[in-house]
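Worksheet for the structure shown next.
Reminder, nothing fancy here: chain letters follow the sequence lines and each chain counts from 1. Heavy atoms only: backbone and side chains are in, while hydrogens, waters and symmetry mates are out. Owing to the predicted nature of the structure, the values given are computational and were not obtained by experimental measurement.
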Amino acid sequence: MADYDRRSGGGGSSYNPKKRRYRDDDDYDRRGPRRRFDAPPHVRVRKQLIAIAENPMRPWHEEVQAIANLFTDNWDDELLRSNFVDLVLQLTVEQPLKTPFLAAVVLVANGNKPEVVDMLLAKVAGLVEENIKAGEWRDVKLHLKLLACLQGCLEGEGVFPVLEGLFERAVDLQTASSEDTIGTEIVKIILLTLPYVMVAAPGQWAQKAADLMEKTEIIASEPHALQTLIEPYHPETGDENPTQSQSLIGLLQTQLQNEANNGWTLACLPRPWEFPLNEVEQRSKLDDAVKHALPTITIPPTVIAGPRPLFPEVYFSVYANQGVESVPPLTNAAASLIRDALLDTINVLHFNRNVTARSLIDIDCYFAPRTFAARATPFDKLRDIEPPKSTWKPEDVAVDAVFSQIFQLPSPEHKLVYYHSVLTEACKLAPAAIAPSLGRAIRYLYRNSPRLDLELAYRFMDWFSHHLSNFGFTWKWTEWVDDVYLPDVHPRKAFIAGALDREIRLSFAQRIKGTLPDPYKEMIGPEKEQDVPDFKFANDDTPFAAEGREIAALLKRKAPDEEIEAVIQRIQSVAIDRDLDALVASTDVFVTCVLHVGSKSLSHVLAAIERTKDRLTSLGAASDAARTQIIAATMAFWSAHPGVALRIIEKLLNYSILMPETVINWALLARAGSTRGEALSVSYIYELVFNTVVKVTNRVRQLAMKASSAPENADESAGSIKQMRALFAAIEDALASWATGSKDEMIETGEGDSSNEKFVRRWGERWLRVFRRRAAIEEAFLVEAEKERARKAEEEAQNGNDGEGPGEKMNTEGEEVA
Amino acid sequence: MRGSEQRRATVDRLDQPSAYFNSRHKRRRFEKEQRDGDEDTNMQNDQPEEDPLKNATTLYVGNLSFYTTEEQVYELFSKCGEIKRLVMGLDRFTKTPCGFCFVEYYTHQDALDCMKYIGGTKLDERIIRTDLDPGFTEGRQYGRGKSGGQVRDEYREDYDEGRGGLGRAIQAARMREREGRDYDDDMQYGRLK
């Protein structure tokens with residue numbers, strides 16, 4: 001841990017212990033005291049701008065003034081002049097928490113060198129136009145935020161015309177379709193920009209803002225048609241208080257309305273351009289500074305969704321309803337404004353999680369003083385804080401933002417593991433402050449996981465086990481000890497079982513056992529401590545034991561296939577005599593033997609599969625039952641280490657030895673059937689089905705993209721779409737009967753085990769919702785891909801007519817992955 | 001954002017190759033130039049060399065415990081995308097894991113994401129190191145140290161129980177004391193067959 005910390009923040013240079021050791025020895029300076037050396041102004045300005053507001057000890061106005069003066073004093077330095085504007089714009093996008101401070105530097109610089117503002121505005125206007133055209137909505141928002149902070153030095157109505165222009169597009173889109181998401185996104189951008197205008201030019205724009213908000217009201221207050229699709233909670237039917245999450249823009253609209261009613265106090269936003277009263281000169285200079293016209297920003301008649309699919313968003317918090325407000329309440333605009341700035345920071349800085357984590361820890365540097373309680377104030381101490389002072393815990397607010405991404409449906413911008421890594425780094429940077437916040441989040445999520453959408457419940461499990469693996473697997477398991485005695489189908493017991501399984505996969509059984517209180521230990525049987533499972537044919541009582549041992553021996557010495565074939569024939573004829581399915585019997589023996597021969601490691605089993613893949617393929621092709629038996633044998637052999645079984649099945653799917661339908665049939669019909677549906681509560685069964693579906697949908701997306709650029713692939717793409725739809729239909733069929741309780745296996749038993757039956761029905765409902773959503777999202781993707789294809793074709797046609805196109809566009813995308 | 005790729009970010013990127021790779025690569029290029037210098041025309045040398053990591057899908061993973069299994073590596077590294085191939089680093093002589101591996105993904109993006117999100121985090125309770133790699137070639141799975149493991153495990157002065165205790169060269173010198181300690185080590189991990 002220590003060696004990595006040393007390079008936190010940087011990460012560019014690698015840490016080499018050997019080098020350090022040698023350096024330690026001759027660090028006693030050979031060169032005498034380091035000579036004082038002042039870096040050239042453009043280097044100093046760059047360094048100071050990048051680090052702006054990071055030092056909590058330095059008053060904002062001093063820092064802002066110092067940078068602005070350093071810049072204008074060296075106005076003749078051409079390098080500095082040209083770099084300054086670009087750097088401000090780059091920081092606006094890369095480190096959005098700093099935007100108000102950058103704006104303040106520009107405003108002060110405006111007093112000495114007004115030209116700089118014109119240079120900046122010209123560039124921003126161009127960028128906003130470009131970003132709107134490309135559908136880069138976050139960049140649009142971040143640039144508008146900078147403009148909003150500069151409202152005080154803009155001529156006329158400043159940014160309002162841009163916001164109004166954008167709103168017109170939103171109205172068009174929303175009237176055209178209730179499922180439109182671009183209009184929703186635009187309204188979100190408008191509402192998030194407005195507050196910065198109001199603090200940058202206080203008292204001037206109340207009427208203008210009111211007019212704009214009157215317009216946005218219609219769109220913002222209407223629940224979005226797709227909102228049910230992305231709702232993070234999935235309450236049980238008959239739940240007393242089914243919490244419906246608030247749509248982000250609906251929430252913003254009411255929060256800003258409150259602000260408007262209170263004269264736009266917006267207490268949380270920083271105002272680094274405000275100078276103390278005794279700085280008379282600077283204050284008057286700012287007041288009298290030149291105003292500039294914002295170049296016209298043209299908005300194209302049609303706007304596009306851009307590279308990332310847009311969905312409506314809801315506000316998610318793990319710290320709601322705690323008794324003490326450790327995060328801003330939903331009624332306060334601070335909730336949305338702080339969250340928005342943090343999310344942009346998190347998602348933009350995916351390429352350096354250390355810096356992301358640092359920004360989260362330093363969150364109180366970037367908002368108005370007294371917005372938060374002191375860092376690392378224990379939760380219990382928040383109660384003692386006297387009313388006008390804030391009880392918002394900076395750690396809670398920061399961590400909450402990261403969780404909102406992990407629990408975003410359909411999926412967050414980056415891979416989930418990114419958000420895991422941010423939490424890990426934050427916890428490493430400030431363990432005493434962050435760890436207790438995470439603990440309370442975990443408790444909230446654990447309590448509510450039965451009500452969470454099932455996909456999100458599994459995201460929680462995945463994060464939880466991964467997080468613990470970075471911190472010595474320590475957790476206060478004692479507080480959930482009563483739940484160990486719940487039935488296995490209970491969602492909380494299922495969570496514990498799944499989490500332990502994942503911990504073991506990242507570590508090993510004995511180690512995990514050592515971290516658990518006694519009652520849990522029984523959940524980890526001795527078979528899990530065994531690295532290599534027993535070979536069932538070693539036992540003579542097992543049917544076909546002799547044949548199994550024979551095949552294993554043949555496989556071990558890589559005997560020719562004919563010799564194996566002979567034994568298989570023997571098994572089949574014996575099976576027929578015993579009235580067994582001959583294909584199933586021989587498949588079970590053969591697959592078990594392959595697994596046994598490859599039981600030493602995944603490489604071994606993959607090599608064994610590679611060697612026997614022809615036989616495995618023909619076994620699989622022989623009958624549905626045989627194909628299903630391949631999975632059954634794999635799951636049986638690796639039952640103590642389901643993670644290994646899942647990897648093997650993944651590879652068998654890659655070889656097309658198994659088909660996605662085989663997985664569905666085995667999991668949702670065979671396995672679920674033989675357990676009266678209780679298999680639906682087992683985490684690795686879900687994981688198996690989920691991964692299979694993801695594999696199929698990724699493939700469909702890949703082919704659809706390929707087809708859109710090269711029409712000769714259209715058939716392959718259409719075929720894959722058909723298969724995907726059939727797969728979703730099969731899942732729907734299998735799950736619907738579990739969810740409604742109409743499954744034969746459930747009716748037949750009728751042993752009055754009604755509570756388990758109730759649980760199974762609920763699992764069925766939760767599964768169903770996940771896969772229905774996945775299906776809907778894929779259909780939406782295909783619709784968008786088709787739109788995009790049509791748009792491109794049209795563009796190409798137009799270019800061709802104008803005669804300025806580069807002729808045929810060759811698409812030389814990288815090679816296709818399997 | 002056009003051109004943002006070329007521009008230096010205001011924050012360092014974690015998905016860059018390490019100084020180790022760069023220096024090795026530079027040295028090799030330099031040596032090659034020295035070797036080929038006479039025959040090669042200047043024309044060829046002027047051509048910018050193709051970046052061998054531009055589309056890299058493989059990562060070198062270092063600082064693993066000797067006891068970390070393939071399954072554990074799969075479990076963690078699959079969080080960045082499906083793994084195409086995993087090659088465990090082995091002791092040249094004993095053919096047992098010696099604390100590194102190569103992970104190959106299907107896409108370059110997955111490899112970059114792995115650099116950003118997994119490099120420097122823990123696997124089997126050790127901080128692991130990842131580095132972009134131009135691709136596995138046969139022979140690279142073996143340690144290049146004198147005694148068969150990795151070079152860094154020859155003269156290591158710190159006692160690292162996950163990597164066989166002290167450096168092997170030092171251990172050899174302390175043969176006698178060592179025996180008892182190795183036994184403890186095995187007990188603690190309990191995973192040696």
Side-chain angles (χ1 to χ4, degrees), chain A residues 1 3-4 7 9-14 16-18 49-50 86-87 90-91 93-95 127 130-131 136 139 349-355 414-418 420-421 424 462 466 469-473 502 505-508 510-511 531 601-603 641 643-644 647 650 654 695 814 817-818, chain B residues 1-2 4 7-16 18-21 55 57 63 67 69-76 78-88 105-108 110 112-114 116-125 127 129 131 152 155-158 189-191 193:
Chain A
M1 174 163 165
D3 49 358
Y4 204 77
R7 63 178 212 191
S13 64
S14 84
N16 183 340
K18 199 166 146 201
L49 260 189
I50 288 180
D86 287 340
L87 183 57
Q90 198 185 354
L91 277 167
V93 176
E94 282 183 8
Q95 302 195 42
L127 282 172
E130 244 176 67
N131 291 332
E136 293 282 1
D139 288 0
L349 286 178
H350 62 95
F351 52 85
N352 192 326
R353 60 177 197 263
N354 303 312
V355 175
H414 300 291
K415 289 175 181 152
L416 288 161
V417 60
Y418 168 55
H420 299 185
S421 76
T424 305
D462 197 38
H466 185 204
S469 80
N470 271 284
F471 295 95
F473 296 101
R502 276 160 205 247
R505 288 196 224 166
L506 286 166
S507 182
F508 51 103
Q510 204 188 359
R511 168 78 179 105
D531 284 343
S601 77
L602 275 169
S603 308
H641 298 281
V644 178
R647 297 273 168 250
E650 183 178 59
N654 288 353
K695 200 180 249 297
V817 293
Chain B
M1 283 269 295
R2 216 174 297 145
S4 65
R7 212 172 349 145
R8 183 154 60 110
T10 59
V11 160
D12 290 340
R13 299 189 66 98
L14 297 182
D15 52 5
Q16 304 287 315
S18 72
Y20 173 79
F21 178 83
N55 293 310
T57 53
N63 200 33
Y67 309 102
T69 63
E70 284 182 42
E71 289 73 12
Q72 286 170 288
V73 177
Y74 260 96
E75 189 65 26
L76 180 65
S78 294
K79 292 184 194 292
C80 279
E82 191 182 331
I83 292 171
K84 189 175 177 187
R85 183 166 61 153
L86 170 62
V87 181
M88 292 300 277
Y105 287 103
Y106 283 99
T107 70
H108 179 53
D110 288 348
L112 291 179
D113 287 345
C114 185
K116 294 185 290 185
Y117 313 147
I118 291 185
T121 66
K122 281 187 180 179
L123 174 59
D124 220 358
E125 306 184 57
I127 299 271
R129 189 175 88 89
D131 204 353
R152 59 169 282 207
Y155 297 99
R156 202 163 20 75
E157 287 166 21
D158 55 319
Y189 268 78
R191 310 174 70 199
K193 285 277 113 165

Pick from B:Asp15, B:Leu123, B:Leu76 with the largest number of heavy-atom pairs that fall under 4.5 Å of chain A: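 Highest number of pairs under 4.5 Å: B:Leu76.
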Report the option among B:Arg156, B:Arg85, B:Glu75 that has the most heavy-atom pairs separated by less than 4.5 Å from atoms of chain A.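 Of B:Arg156, B:Arg85, B:Glu75, B:Glu75 has the most heavy-atom pairs under 4.5 Å with chain A.
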Contact part of [X] toward chain B, heavy-atom cut-off under 4.5 Å: side chain, backbone, both or neither?
{"X": "A:Arg647", "answer": "side chain"}
{"X": "A:Ser601", "answer": "both"}
{"X": "A:His641", "answer": "neither"}
{"X": "A:Leu349", "answer": "side chain"}
{"X": "A:Leu416", "answer": "neither"}
{"X": "A:Leu506", "answer": "both"}

Check each atom of B:Ile118 against the heavy atoms of chain A and say whether the ones under 4.5 Å are side chain, backbone, both or neither.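 For B:Ile118, backbone and side chain are both near chain A.
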Residue part contacting chain A, namely of B:Ser78, when any heavy atom lies under 4.5 Å: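 For B:Ser78, side-chain heavy atoms alone lie under 4.5 Å from chain A.
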Could you tell me whether A:Arg511 and B:Asp124 make a salt bridge, using a distance below 4.0 angstrom between a side-chain N and a carboxylate O?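 B:Asp124 and A:Arg511: not salt-bridged.
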So, for B:Ile83 and B:Tyr105, which heavy atoms are closest and what is the spacing to 0.1 Å?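 Nearest pair, atom of B:Ile83 first, then B:Tyr105: CG1-CE2, 4.1 Å.
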Compare every heavy atom of A:Ser421 with every heavy atom of A:Arg353, then report the nearest pair and how far apart it is.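 That closest heavy-atom pairing would be CD-OG, 3.2 Å.
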Do [X] and [Y] come close enough that some side-chain heavy atom pair is under 4.5 Å?
{"X": "A:Leu87", "Y": "A:Gln90", "value": "yes"}
{"X": "B:Glu82", "Y": "A:Asn654", "value": "yes"}
{"X": "A:Lys415", "Y": "B:Asp110", "value": "yes"}

Parallel, tilted or perpendicular for A:Tyr418 and B:Tyr117, by the 30°/60° rule?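 Plane angle between 30° and 60°, so tilted.
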Step by step, work out the side-chain contact (heavy atoms from CB on, under 4.5 Å) result for B:Lys122 and A:Thr424. CA-CA 10 Å; B:Lys122 281 187 180 179; A:Thr424 305; over 6 Å; no
Interface residue of largest heavy-atom contact number with chain B, from A:Leu49, A:Asp86, A:Ile50, under 4.5 Å: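 The option with the most such pairs is A:Ile50.
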Could you have a look at A:His420, A:Arg502, A:Glu650, A:His414 and say which one has the most heavy-atom pairs with chain B under 4.5 angstrom?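 Among the listed options, the one with the most contacts to chain B is A:Glu650.
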